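Everything on this sheet refers to the single structure shown next.
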Amino acid sequence: MQYGHNSTGNHPSLRHRARLRASGKEWQTLPAAEQGIDSGPLRPSLLQRLETQSGMIETAPELLMQALATLVTPTKPDDTKALLLIGRRDIRSNNSWMHNSPRLVKGNPRHHLLMHAEDIQSRGLNEGGKVRIRSSVGEIFVEIKTSTEVMPGVVCLPHGFGHQRAGLKMQRAEKVLGASYNDLTSANQLDEPSGNAALNGVRVWVEAV
């Protein structure tokens, strides 16, 4: 591997410094080496750098296996009107900052709540109509859209919307329709192994406005 002096004056990264030291050199020697420093060919080092007791890539650690054992098949809720909310991403709004790009937000709206036709009919809702989605912690208002990609009892809402708030400083995004998925999720619901917020499988009720 060759190392050269950065003409901008920036020092090599800590990783590069460590490699230089391993070859018996220091980064201060780089300015004098106009053609760079050759420390030899690259050598595989992944297995030596793994920080696991086994020295292996552990795809089924005990922590995750214990959490998996506690999972149970969801039972049908006593409240027949309750639905399970899951999220989705769109290629042009994978992250919320993309809503501030005119080229990415143009075209058909993508903020709708997807529902199975059976759930729409049983609740007396209309395709494209605005509904109230409420959970145990909050509620939002959004239009619905019939979809065969979700099963009965499940509704699907995209994340990253809800820019109509003070102080966001994204003028283009403020004009993008859609409510915030996060307003329906609870800070007390966590995925224990990762410590992440539990954002899927949220119990909600969808009602006509």
Side-chain angles (χ1 to χ4, degrees), residues 6-16 46 51 57 59 61 63-64 67 82-116 119-120 125-151 153-209:
N6 191 328
S7 61
T8 63
N10 295 330
H11 294 159
S13 69
L14 292 177
R15 181 179 61 182
H16 287 172
L46 175 61
E51 297 181 0
I57 300 175
T59 58
L63 176 65
L64 294 184
L83 300 163
L84 292 181
L85 174 67
I86 61 174
R88 74 176 184 272
R89 293 186 180 220
D90 184 275
I91 192 170
R92 290 189 295 170
S93 58
N94 194 45
N95 290 302
S96 57
W97 66 264
M98 292 181 172
H99 293 160
N100 211 43
S101 169
R103 294 185 64 184
L104 294 177
V105 297
K106 68 180 181 179
N108 295 327
R110 302 182 294 276
H111 66 279
H112 295 78
L113 178 74
L114 300 184
M115 294 185 69
H116 193 276
D119 290 324
I120 291 178
L125 306 175
N126 298 313
E127 168 77 11
K130 180 168 285 190
V131 296
R132 175 192 293 109
I133 313 173
R134 61 180 177 87
S135 67
S136 62
V137 296
E139 66 178 23
I140 61 175
F141 297 87
V142 69
E143 292 84 9
I144 60 174
K145 190 173 183 179
T146 304
S147 174
T148 58
E149 296 182 346
V150 294
M151 62 188 297
V154 176
V155 289
C156 182
L157 187 72
H159 86 294
F161 289 81
H163 304 290
Q164 295 73 31
R165 302 171 189 262
L168 288 184
K169 299 181 180 180
M170 294 199 297
Q171 296 180 354
R172 183 64 186 83
E174 289 178 3
K175 301 175 183 178
V176 177
L177 297 177
S180 174
Y181 189 109
N182 290 349
D183 289 342
L184 299 173
T185 61
S186 172
N188 296 323
Q189 296 294 322
L190 298 176
D191 171 63
E192 294 185 1
S194 67
N196 247 348
L199 301 178
N200 285 297
V202 179
R203 185 168 295 187
V204 297
W205 292 262
V206 179
E207 305 157 340
V209 176

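Nothing here was measured: the structure is a model prediction, and the numbers come from that model.
In this structure, N200 contributes its side chain and I86 its backbone to no donor-acceptor pair below 3.5 Å. With H99 contributing its side chain and G160 its backbone, the two residues share a donor-acceptor pair below 3.5 Å. Looking at Q164, its side chain does come within 3.5 Å of a backbone N or O of E174 through a donor-acceptor pair. One N or O on the side chain of N100 and one on the backbone of R172 form a donor-acceptor pair closer than 3.5 Å.
One distance of note links NE2 of H111 with CG of D90; it measures 12.5 Å at 0.5 Å rounding. Atoms CD and OG, on Q189 and S135 in that order, are 10.0 Å from each other to the nearest 0.5 Å. Rounded to the nearest 0.5 Å, atoms CD1 (I144) and NE2 (H112) are 9.5 Å apart. Once rounded to the nearest 0.5 Å, the distance linking CZ of R203 with CZ of R134 reads 12.0 Å. For the atom pair I133 CD1 and W205 CH2, the distance stands at 13.0 Å (nearest 0.5 Å). Rounded to the nearest 0.5 angstrom, S96 OG and F161 CZ are separated by 10.0 Å.
Residues I140 and L157 have side chains in contact (heavy-atom distance under 4.5 Å, counting atoms from C-beta outward). For the pair R92/R103, no side-chain contact is recorded, criterion being any heavy-atom separation below 4.5 Å from C-beta on. You'll find the side chain of V206 stays beyond 4.5 Å of the side chain of D119, heavy atoms only. For the pair L113 and L85, the minimum side-chain heavy-atom distance is below 4.5 Å. Counting heavy atoms from C-beta on, the side chains of M115 and V131 never come closer than 4.5 Å. H159 is not listed as a side-chain neighbour of L199, based on a closest heavy-atom distance of 4.5 Å or more.
Heavy-atom contacts from other residues, nucleotides or ligands closer than 6.0 Å to CD of E192 number 12 or fewer.
When every heavy atom of K106 is checked against every heavy atom of R110, the shortest pair comes out as O-NH1, 3.8 Å. Taking each heavy atom of C156 and G87 in turn, the nearest pair found is SG-O, 3.8 Å. When all heavy atoms of R88 and L114 are compared, the closest pair comes out as NH1-CG, 3.4 Å. In this structure, L190 and G195 approach most closely via the heavy-atom pair CD2-O, 4.0 Å. When all heavy atoms of R165 and S180 are compared, the pair lying nearest together is NH2-CB, 3.2 Å. Counting all heavy atoms, side chain and backbone alike, S186 lies closest to V137 at CB-CG1, 3.7 Å.
In this structure, the salt bridge (charged side-chain N to carboxylate O under 4.0 Å, His left out) partners of E139, at least two apart in sequence or on a different chain, are R132. Remark: N182 pairs with no residue by the side chain to side chain donor-acceptor pair (under 3.5 Å) rule, at least two apart or across chains.
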